[in-house]
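Below, chains carry the letters A, B, ... as their sequence lines are ordered, and counting in each starts from 1.
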Number of protein chains: 2
Amino acid sequence: MVEITRQADTVRQARTPLSRERVLDAAVALADEGGVDALSMRRIAQELGVVPMALYKHVANKNELLDGMIDALVGEIDPPAGDAGWKTVVRLRVLSARRMLLRHPWASRVIEVRMRERAAPTPAVMAYLDSMIGIFRAGGFSVGLVHHAMHVMGSRLLGFSQELFDDSSDREPDPDALPPQEMAARFPHITELAMAVAHDEESVVGSGCDDQFEFEFALDLTLDGLERLLP
Amino acid sequence: MVEITRQADTVRQARTPLSRERVLDAAVALADEGGVDALSMRRIAQELGVVPMALYKHVANKNELLDGMIDALVGEIDPPAGDAGWKTVVRLRVLSARRMLLRHPWASRVIEVRMRERAAPTPAVMAYLDSMIGIFRAGGFSVGLVHHAMHVMGSRLLGFSQELFDDSSDREPDPDALPPQEMAARFPHITELAMAVAHDEESVVGSGCDDQFEFEFALDLTLDGLERLLP
DNA sequence: CTTGACAGGTGTACAGCGTCCACCTACTTT
DNA sequence: AAAGTAGGTGGACGCTGTACACCTGTCAAG
C-alpha cells in the first residue's frame, strides 16, 4: 500500500514529463471550455498537476504561450484542396478557417490581440497567408492585384481583422526575425509580394503600403458589389 | 503662503468635482497616450489626483467605464452628410469612422472585445448602426437586403469585427435592456430589421439569423468582386 | 565509479490589478 | 437642529504574471 502510494507519487512527476505540447494542449482545452478569461498560468498548472512556475520551463511567458496556441489552431485549417480553380480553393479554405474559429470561439480574439502587438504573425499564420497568396497567384492574379485582394479579403481570411500586416506602425524590429533568404525560402509568395510593394512605392514615406488607399479600395469594391444587388 | 497652500488643498478636491465625464476623458487620454494596457483604475485615479475607489462613485466598474469610452468615441463619428445618394453617404461615414479609429488606435480592440461579451452594443453604437441602416433603406434597399448589406459591410462599418450582433450565442438577457416600444422609437431601423429577420426565420432554431449563410454571402460577394478585377 | 553539469519541477515573494467594505465628511432637505 | 445623502478615503482580499533561489534526478566525461 505504502509502496503503491510512493510509486504513484513518483509516477505523477515521472510518467508525464510535461512537454511544451502538453502545456499548449491543456491551455487550448481550458480556453475551449472556459473562455480565454479562464486561462491563467496558475489554472493551466493546476490542470496539469504541477506548480505554476513549472510551465516556464517549456514556455517563455504567457504571450509566447498564446502564440503557441494560435499556431496550433492555425494548423487545424485544411490545406488547399486540389485544382478546382482559385475561387473554389480560396472559398473552401476560408470556410475551413471559419470552422476552426467556431470550434474555438476565443481564438479570433486572441489572434487579433496578439497580432496587434507582435512584430510578425506566428509562423503558422505566415504559412497560411503565404499559401493563400500562392493560390491567388496561381489563379492569374498579378502581384499588385494579390496585394489588393489580401487587403480586401482581410476580414474574411481568418474571419476577422483586416490589418494582419500592420507594418505602418513604428515597431522595433523583431530580434529573432528570420534572415531574408530563409524568409524567401519558406514564404516565397509573401516575400514576392512584400518586395514588390516595398519597391514600387519607394518614394512614399513610411510603410510601403498605403493603408488608406487599400481601405478605400476594399470599401469601394464592397459598395460596388452591393450596388449590383439593387433591383 | 500657508493660506494659499491650504486653499490649494481645498481646491484640489473641491474645484473639480470629478464627474463621470472627467473620468471618461482622463481614461481616453490615458489610453491614447499609453495604449489600452496602460489603462488601470489606479492610474486613472492617480491622473485625477484621487484615490482609486473614488472612480466607482461615477462608474459602475471597469467594463462600464470602457463602454462609456466607446460611446464617447462613436459620438465623434460624423453624422450622415446631406443627400448625396446612399453610396456616397455610406462611404463618407465609414471613412469618418475609420479616421476616429486611427485617432484612437486602441479603440477597435476595446469595442470588439466589449462587443463580444456584452448583451447589446452601447447606445451610441446602436444609434450609429441605426442611422447606417436608415441610409441603406432610404437608398432603396429592402429590409432583407439591408440585412445582408450590414453583414457584408461588417468589417468596414467600424473598421473591424463583422459580428457586431452575435445574437446566436446563449447570453442571458440584459437586465436593463430597453423596453420594446422605446427601442422601436429610438432605433426604428434596427427594430424593423430585427423584427423582419426574426419573423421570416421563425421555424429555424435559435438565432433568427443564419450566420453561416451571411458569412458565405459576404465571402462570395467579395470573391465575385475580385473576379471582376481579373484581366 | 565518481563527479559535475544540466534539464526540469518547487517554493517563496513581489508588484500590480479590480473591487468589496466600512468609514468620514460636507452639504441639502425637512 | 436633525436626518439623509453624495462623494472621497483607507484598507483589505483574492487574483494575476513572473523573477529568483533552490532542489532533485539523469546522464556524460574523467
Side-chain angles (χ1 to χ4, degrees), chain A residues 3 5-28 30-31 34-70 106 109-110 113-114 117-118, chain B residues 6-28 30-31 34-70 106 109-110 113-114 117-118:
Chain A
E3 274 214 335
T5 302
R6 191 191 307 147
Q7 199 177 13
D9 278 6
T10 305
V11 158
R12 171 171 300 163
Q13 58 190 44
R15 181 181 42 181
T16 50
L18 191 58
S19 65
R20 175 182 168 90
E21 198 189 342
R22 259 172 49 77
V23 173
L24 256 42
D25 285 353
V28 170
L30 221 60
V36 75
D37 295 325
L39 194 76
S40 77
M41 299 304 269
R42 289 170 148 93
R43 271 173 124 92
I44 300 171
Q46 180 180 335
E47 205 72 12
L48 292 167
V50 109
V51 90
M53 282 312 290
L55 305 180
Y56 286 83
K57 288 283 150 67
H58 305 271
V59 155
N61 51 48
K62 192 178 183 183
N63 281 341
E64 206 261 339
L65 174 135
L66 289 174
D67 287 345
M69 294 168 68
I70 292 174
W106 48 273
R109 183 166 132 197
V110 171
V113 168
R114 285 301 297 142
E117 55 202 32
R118 237 177 151 276
Chain B
R6 191 189 309 148
Q7 198 177 16
D9 278 5
T10 304
V11 158
R12 171 172 297 165
Q13 58 191 40
R15 181 182 40 182
T16 51
L18 189 56
S19 64
R20 174 181 169 91
E21 198 188 341
R22 260 172 49 78
V23 172
L24 256 42
D25 286 353
V28 169
L30 220 61
V36 75
D37 294 325
L39 193 76
S40 76
M41 299 303 270
R42 287 171 149 92
R43 270 173 125 93
I44 301 170
Q46 181 181 333
E47 205 73 11
L48 293 167
V50 108
V51 90
M53 282 312 291
L55 305 180
Y56 287 82
K57 288 283 153 64
H58 305 272
V59 156
N61 50 51
K62 192 177 184 184
N63 281 340
E64 205 261 340
L65 175 135
L66 290 174
D67 288 345
M69 295 168 68
I70 293 174
W106 48 273
R109 183 165 133 197
V110 171
V113 169
R114 286 300 298 141
E117 56 201 30
R118 235 177 153 276

ask   = Taking only N and O in the side chain of H58(A), is any of them less than 4.0 Å away from OP1 or OP2 of dG9(C)?
value = yes
From R22(A) atom CZ to L55(A) atom CG, the distance as rounded to the nearest 0.5 Å = 10.5 Å
query = Between dT18(D), dT9(D), dT19(C), which one does the side chain of A54(B) approach most closely?
reply = dT9(D)
request  = Of all the heavy-atom pairs spanning R43(A) and A38(A), show the shortest one and how long it is.
outcome  = CD-O, 2.8 Å
ask   = What about R42(B), does its side chain sit under 3.5 Å from the base of dG18(C) through a donor-acceptor pair?
value = yes
ask   = Starting at CG of D37(A) and ending at P of dC17(C), how long is that distance when rounded to a whole Å?
value = 18 Å
ask   = Rounded to whole angstroms, how far apart are CG on L55(A) and C1' on dA19(D)?
value = 15 Å
task = Can you establish whether the number of heavy atoms outside E21(A) located under 6.0 Å from its atom CD is more than 12?
result = no
key: Residue pair A54(A) / L18(A): nearest heavy atoms and the distance that separates them   = CB-CD2, 4.1 Å
message = Both A60(A) and L18(B) contact DNA chain D. Taking the nearest nucleotide for each, which residue is further toward the 5' end?
response = L18(B)
query = Would you say dG18(C) has OP1 or OP2 under 4.0 Å from some side-chain N or O of K62(B)?
reply = yes
ask   = Nearest-Å distance, CE (M41(A)) to P (dT10(C))?
value = 14 Å
query = Atom CE of M53(B) and atom P of dC21(C): how far apart are they, to the nearest Å?
reply = 10 Å
request  = May I have the distance from L65(A) (atom CG) to dT16(D) (atom P), rounded to whole angstrom?
outcome  = 14 Å
task = Rounded to the nearest angstrom, tell me the gap between atom CD1 in I44(A) and atom C1' in dT16(D).
result = 12 Å
message = Both Y56(B) and K57(A) contact DNA chain C. Taking the nearest nucleotide for each, which residue is further toward the 5' end?
response = K57(A)
key: Distance in angstrom units between L39(A) CG and dC15(D) P, rounded   = 16 Å
note = Heavy-atom closest pair (R42(B) atom, P52(B) atom, distance to 0.1 Å) is CG-CG, 3.9 Å
task = Select base, sugar-phosphate, or nothing to describe what V51(A) touches, counting heavy atoms under 4.0 Å on all strands.
result = base
query = For L48(B) and dG8(D), what is the distance between atoms CG and P respectively, to the nearest whole Å?
reply = 10 Å
